[in-house]
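Residue numbering restarts at 1 for every chain, and letters A, B, ... go by the order of the sequence lines. Hydrogens, waters and symmetry mates are skipped; everything else that's a heavy atom, side chains included, is used. Because the structure is a prediction, the values reported are computed rather than measured.
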Amino acid sequence: MREVTSAGSHPGELELVAALRRRDESAFLALVRRFHSSMVRVARVFVNSDAVADEVVQEAWLAVLEGIGAFEGRASLRSWMFSIVANRARSRALREARSEPFSSFEDPEGEPTVDPARFNPPDHPRWPGHWCSPPERWADEQLLLKETVELTKRAIDTLPSAQRQVIVLRDVEGCSSEEVCEALAVSDGNQRVLLHRARAKVRAMLEPHLRRNA
Amino acid sequence: MSSRVPDQPTCREIVELVTDYLEERLSLDARTRLEQHLVYCDWCRVYLEQIRQTIRVAGSVSEESFSPQRQEELVRLFRDWKGKK
């Protein structure tokens, strides 16, 4: 069994890992409560039914139990577990030929993330490339509304899969960029491009609903 | 009045830099120019704030809790694993 070091771990994590290695059921339940819903969301970005996501996560839990003895603590427990889920979900999706293969870097890089029509043309005499149709401030209260959260969820669901994977892990689950790169096996640069495009699109989809007095 | 200084970034360029800015991955020079732009451009400040708001609202996308039935299944899985070795 490997020595677990403290690098990248969260408070209480090492104790949970140690207890799980002793096959302590309450440690397992604590992990389930902490991570299960997140794992389902991660699985769900690869496969397109809740039922399949549930199965994948069930398998992933078994893999976590089987693999806990080899967990070294170099990555956080969370990113280690998410990478198990992501790998299983990805191969499951490929097997069912449901996911796009990793051509998922769909939109060509360098394509603008904000509609070019919202800026002055390059030959504008005074302010080329500056906003001609600028964004209007959003009220913070509106962000808290259930409709806004629902709308955000739907907006994320419409994203191309690689972008969806990154924004779910980063902004919904609150993972660090290192954790996302680890879990999805993407480079830091790719991760950032995908995140940029994803956030810009979700913002654009929220915009018509959040304009003041809209 | 002079028009804009040619090497100043345009708003159209700024919006493509916001993620690198928030991720603290811009060079010092690029960051300085972006921040200078934000000083005078209300609209780009609004855009940046909206990206931050988008991140915040994404963070509140629901925590579905799972059913007691699911929890039982997982406990069974655990006990099978424990009994196996």
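- Among residue pairs with one or both ends in residues 9-22 of chain B, those qualifying as salt bridge (Lys or Arg N to Asp or Glu O under 4.0 Å) are A:Arg192-B:Asp20; sequence neighbours excluded.
- Among residues two or more places apart in sequence or in another chain, the side-chain contact (heavy atoms from CB on, under 4.5 Å) test is passed with B:Leu38 by B:Leu34, B:Cys44, B:Arg45, B:Leu48.
- For residues 21-31 of chain B, the interface with chain A (any heavy-atom pair closer than 4.5 Å) comprises B:Leu22, B:Glu23, B:Arg25, sorted by residue number.
- Applying the ring-ring contact (aromatic ring centres under 6.0 Å, His included) test to A:Phe35 and every residue at least two apart in sequence or in another chain returns nothing.
- No donor-acceptor contact under 3.5 angstrom links the side chains of A:Ser83 and A:Glu182, judged on distance only.
- With a threshold of 4.5 angstrom between heavy atoms, A:Leu29 approaches chain B through side-chain atoms but not through N, CA, C or O.
- If you check the side chains of A:Glu179 and A:Ser76, you find a donor sitting under 3.5 Å from an acceptor.
- Across A:Leu206, A:Asp140, A:Ile156, A:Ile167, the residue that shares the most heavy-atom pairs under 4.5 angstrom with chain B is A:Asp140.
- For chain B, the option among A:Asp188, A:Leu144, A:Val57 with the highest count of heavy-atom pairs below 4.5 Å is A:Asp188.
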Next item on the list: Start with the C-alpha distance between A:His130 and B:Trp43, add both sets of side-chain angles, then the distance that settles side chain to side chain donor-acceptor pair (under 3.5 Å), and finish with yes or no.
Entry: CA-CA 9 Å; A:His130 285 242; B:Trp43 296 334; over 6 Å; no

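- Proximity to chain B (any heavy atom under 4.5 Å) is shown, for A:Ala200, by both the backbone and the side chain.
- The contact between A:Asp24 and chain B is made entirely by backbone atoms, counting heavy-atom distances below 4.5 Å.
- Looking at A:Arg164 and A:Asp157, no side-chain N of the basic residue comes within less than 4.0 Å of a carboxylate O on the acidic one, giving no salt bridge.
- Electrostatic pairing of B:Arg70 and B:Glu73 counts as a salt bridge here, judged by a charged N lying under 4.0 Å from a carboxylate O.
- Proximity to chain B involves both the backbone and the side chain of A:Leu20, based on heavy atoms less than 4.5 angstrom apart.
- Only the side chain of A:Asp54 comes within contact range of chain B, with heavy atoms under 4.5 Å apart.
- Heavy-atom pairs under 4.5 Å with chain B peak, among A:Lys146, A:Arg170, A:Glu207, A:Arg118, at A:Arg170.
- Taken from CG in A:Leu195 to CG in A:Asn190, the straight-line distance is 12.0 Å, to the nearest 0.5 Å.
- Separation of atoms NZ (B:Lys82) and CZ (A:Arg23) is listed at 8.5 Å; rounding is to 0.5 Å.
- For a residue to count as touching a neighbouring chain, one of its non-hydrogen atoms must lie under 4.5 Å from one of that chain's; by this rule A:Leu62 touches chain B with backbone and side chain alike.
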Checklist line | Test log, rule salt bridge (charged side-chain N to carboxylate O under 4.0 Å, His left out), inputs B:Glu49 and B:Arg56 | finding: CA-CA 10 Å; B:Glu49 178 57 21; B:Arg56 236 177 294 143; 3.3 Å; yes

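- The choice from A:Val168, A:Thr152, A:Asn120 that makes the most heavy-atom pairs within less than 4.5 Å of chain B is A:Thr152.
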